[in-house]
Visitor: 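Sharing a structure, written as structure tokens. Questions coming.
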There are 2 protein chains.
Amino acid sequence: MVTQLDAIDRKILAELQADASQSLDEIAKKVGASKTPVWNRIRKLRDSGLIKSQTVILDPDKLGLEACFFVLVRTSEHEKDWQDRFLTALLEREEVLEAHRLAGDIDYILKVRVKNAKAYDDFYQALISEVKIFNMTALLSMEEIKSTLRLPV
Amino acid sequence: MVTQLDAIDRKILAELQADASQSLDEIAKKVGASKTPVWNRIRKLRDSGLIKSQTVILDPDKLGLEACFFVLVRTSEHEKDWQDRFLTALLEREEVLEAHRLAGDIDYILKVRVKNAKAYDDFYQALISEVKIFNMTALLSMEEIKSTLRLPV
DNA sequence: ACTGAAAGATCGCGCTT
DNA sequence: AAGCGCGATCTTTCAGT
């Protein structure tokens with residue numbers, strides 16, 4: 001936490017998270033301040049890195065990416081070299097939307113978006129041919145109940 | 001997939017995903033077309049729902065949300081009423097960033113962002129007091145290797 | 001379907017209180 | 001720090017290829 005946020009900063013962040021295409025005037029009106037202070041605050045939030053970027057959210061189904069898997073990965077290898085190769089493989093593959101290194105029994109979890117089960121298998125085969133993996137369990141999402149990157153501010 | 005995308009649509013989507021704050025001029029130049037057609041395409045993409053929304057991405061650590069858990073949920077109840085209450089609970093809780101209903105052994109997976117382990121326990125206690133859950137396993141993320149909502153277009 | 005132009009909105013910033 | 005206001009820029013529309 002770089003700096004303390006006040007109530008107005010939080011309102012601004014909430015508005016931007018809800019819809020970043022709003023004009024400065026609209027945001028200013030909603031948070032109950034005028035343009036200049038709001039503009040200065042947004043700039044500060046950007047510069048501090050708290051606002052990392054601005055993007056559009058696409059509908060994966062409409063892009064034909066209808067299958068979502070969560071993949072639990074266990075490895076027997078814990079050397080630096082193996083880890084580097086594994087990480088590189090994950091970063092390079094655009095079907096991998098998230099990858100986390102975990103504490104405990106399971107070493108990694110991935111979120112993977114692909115066209116269908118066949119495409120997942122292609123991904124799986126490609127990955128295990130690149131790096132040795134002890135065990136990989138895929139959990140198939142049947143329904144996305146909730147998906148947000150809206151953080152409580 | 002509502003409509004077939006051509007190469008220019010894909011380039012536009014890639015640019016918008018990379019940085020939605022770019023001006024129309026910049027995008028037009030990068031995709032090698034002029035403003036008006038780009039503007040018309042973007043509007044079509046919006047109207048079709050392929051572009052769902054525009055938002056800012058915040059840094060969770062800088063907001064003090066330093067703990068990320070993936071939660072595997074098994075339930076013994078499969079009635080509609082139970083499911084409704086569970087879904088409502090998930091949708092209401094802002095620390096739940098993602099929730100998927102799964103095929104197979106594990107019924108649900110959640111992604112939960114909170115301040116610390118204590119905050120996770122608060123969430124956990126609140127949830128199990130609201131709805132009966134057979135088994136819940138939390139996987140603690142040690143490191144976010146990759147996190148993107150950038151879909152391959 | 002693209003180009004170019006032009007009206008209107010919005011931004012970014014300096015000046016003032 | 002907040003408000004005003006102006007020039008510059010960007011968005012959006014439209015007539016003409």
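Just so we're on the same page: letters track the sequence lines, and every chain starts at 1.
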Visitor: Is B/Arg101 salt-bridged to B/Asp107, going by a charged N under 4.0 Å from an acidic O?
Guide: no

Visitor: Starting at the 5' end of DNA chain C, which residue's closest nucleotide do you reach first, B/Ile8 or B/Lys35?
Guide: B/Ile8

Visitor: Check whether any side-chain N or O of B/Trp39 sits under 4.0 Å from OP1 or OP2 of D/dT11, and answer yes or no.
Guide: no

Visitor: Hey, are A/Asp84 and A/Lys80 close enough for a salt bridge, meaning a charged N less than 4.0 Å from a carboxylate O?
Guide: yes

Visitor: Check the distance between C/dT10's P and A/Gln22's CD and give it to me in whole angstrom.
Guide: 12 Å

Visitor: Tell me: CG of B/Leu16 to P of D/dT11, nearest whole Å?
Guide: 11 Å

Visitor: Parallel under 30°, tilted from 30 to 60°, perpendicular over 60°: which one fits the rings of A/Trp82 and A/Tyr108?
Guide: tilted

Visitor: Between A/Ile42 (CD1) and C/dT10 (C1'), how many Å, whole number?
Guide: 13 Å

Visitor: C/dT10 P sits how many Å from B/Asp25 CG, rounded?
Guide: 18 Å

Visitor: Salt bridge between B/Asp19 and B/Lys30, side-chain N to carboxylate O under 4.0 Å?
Guide: no

Visitor: Name the nucleic acid region contacted by B/Thr36, choosing base, sugar-phosphate or nothing; use a 4.0 angstrom heavy-atom cut-off, strictly under.
Guide: base

Visitor: Any salt bridge between B/Arg113 and B/Glu144, counting N to O under 4.0 Å?
Guide: yes

Visitor: Once you round it to whole Å, what is the distance between C1' of D/dT12 and CG of B/Asp47?
Guide: 14 Å

Visitor: How close or far is atom P of D/dG3 from atom NZ of A/Lys29, stated in whole angstroms?
Guide: 15 Å

Visitor: Taking the minimum atom-to-atom distance to the side chain of A/Pro37, which one of C/dC2, C/dC11, D/dG3 wins?
Guide: D/dG3

Visitor: Write down the distance between CZ (A/Arg43) and C1' (D/dA1), rounded to a whole number of angstrom.
Guide: 15 Å

Visitor: What does B/Leu24 touch in the nucleic acid at a heavy-atom separation under 4.0 angstrom: a base, only the sugar-phosphate, or nothing?
Guide: base

Visitor: Of all the choices, C/dG12, C/dT3, D/dA2, which nucleotide is nearest to the side chain of A/Arg41 once you look at every atom?
Guide: D/dA2

Visitor: Can you measure A/Ile12 atom CD1 to D/dA2 atom P for me and round it to whole angstrom units?
Guide: 10 Å

